[in-house]
Number of protein chains: 2
Amino acid sequence: MAKNKMKQEELVVLLKDAGIKPSVQRIMILDYLVKNHTHPTVDMIYRALYTDIPTLSKTTVYNTLDLFTEHNLVQKLFIEENEIRYDIDAAVHGHFKCVDCGLVTDFNINRIETEVDKLNENKIIAREVYYRGICKKCLANK
Amino acid sequence: MAKNKMKQEELVVLLKDAGIKPSVQRIMILDYLVKNHTHPTVDMIYRALYTDIPTLSKTTVYNTLDLFTEHNLVQKLFIEENEIRYDIDAAVHGHFKCVDCGLVTDFNINRIETEVDKLNENKIIAREVYYRGICKKCLANK
DNA sequence: ATCATTGCAAACACTTTGCATACGC
DNA sequence: GCGTATGCAAAGTGTTTGCAATGAT
């Protein structure tokens, strides 16, 4: 209980530091993202929180995640068609999606060597590396 | 004229080699992809070909691109939400999308160094690198 | 009292599906 | 003639918009 209370305050600080006014919904959504590094979709977040706040609207989840994205608290991932996923991990890393079980996992990138001359006059805002394949767990089940 | 005829035959060979039965629509869509390395969306392809074949249906464009994807003739790109783009270039390369003008350009990747141990037991089917930012042309216009 | 946030319902955009027609060997 | 390809219309899915109700300071 005391721990939960403390955690809540940390989340409030996180929001305020990002320049976002806290609210019950915003804290809960941030809480979910902090506790679940599973690159959830809007629907996953909505379904997880719906039981706690039955009045929650998907619009609010969309609004809140857009707000978080604008304030660089989360990053949108477009690893597959027809779904946006959200990631709270700020460090640059790659995403591996298993096309079998759908799980998205992170992996570290030490270095990307690109053809510099073609890119160096552009302003690069985001770098994303997506791998798709079959994870070892799904490979074992075959 | 003679050149166009020859080109057409080359496209037919390309399709047959991929195990795809040629048709007027398939040849025209492939022709568009070969001539336009602009990572087009379904809509771009549809609108470009519509004037030549007014009976063309978007469904056919979808069907054909799915078929091409299955036969590894093209690759789907998920660089931004709500749009699938198609790329006929088989070599592994990165994609830079200008968030200002929307243009998607290719760049070469010489090497990606990842944390090997975490990935090497997975079977990797596709590797995609997306950069987003503002291209030098748009930067100059500001 | 004022301004921002929430959330319902409707609208939207892109994609897929069902099925009848047309085409090719 | 038979199997496949095409294309219309309808349905589906994820996201956005308009707007009224609610909440916070």
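A, B, ... follow the sequence lines: proteins, then strands. Residue 1 opens every chain.
Taking the six-membered ring for Trp and the full ring otherwise, B/Phe78 and A/Tyr130 have centroids separated by 6.0 Å or more.
Listed pair A/Gln25 / D/dG23 fails the phosphate criterion, with no side-chain N or O lying under 4.0 Å from OP1 or OP2.
Within 4.0 Å of B/Thr59, counting heavy atoms only, lies at least one base atom of the nucleic acid. Within 4.0 Å (heavy atoms only), B/Ser23 reaches sugar-phosphate atoms of the nucleic acid but no base atom. As judged by a 4.0 angstrom heavy-atom cut-off over every strand, B/Thr41 is placed among residues making no nucleic acid contact.
Straight-line distance from the CD1 atom of A/Ile84 to the P atom of D/dT15: 5 Å, rounded to whole Å. Between A/Lys76 atom NZ and D/dT16 atom C1' the separation is 11 Å, expressed in whole Å. Separating the CD1 atom of B/Ile53 from the C1' atom of D/dA5 is a distance of 13 Å, rounded to the nearest angstrom. Straight-line distance from the CG atom of B/Leu56 to the C1' atom of D/dC8: 12 Å, rounded to whole Å. Atoms OH (A/Tyr46) and P (D/dT13) sit 16 Å apart, rounded to a whole Å. Summarising the geometry, the separation between CD1 on B/Ile20 and P on D/dA5 is reported as 10 Å, rounded to the nearest angstrom. Taking atom NZ of residue A/Lys16 and atom C1' of nucleotide D/dA24, one finds them 13 Å apart after rounding to whole Å. Atom CG of B/Leu67 is separated from atom C1' of D/dA5 by 10 Å (rounded to the nearest Å).
The outermost nucleotides of DNA chain C lying under 4.0 Å from heavy atoms of chain A, listed 5' to 3', are C/dA4 to C/dT16.
Side-chain atoms of A/Asp106 and A/His37 include no donor-acceptor pair closer than 3.5 Å.
Between the CG atom of B/Leu67 and the NZ atom of B/Lys21 there is a distance of 11.5 Å, given to the nearest 0.5 Å.
Between B/Tyr50 and B/Tyr46, the two ring planes are tilted [angle within 30° to 60°]. The aromatic rings of B/His95 and B/His39 lie perpendicular to each other, with more than 60° between the two planes, well past the 30° mark.
With a 4.5 Å cut-off on side-chain heavy atoms, A/Leu30 and A/Ile88 count as touching.
Residues in residues 53-68 of chain B take part in these salt bridge (Lys or Arg N to Asp or Glu O under 4.0 Å) pairs, two or more places apart or across chains: B/Asp43-B/Lys58, B/Asp66-B/Lys76.
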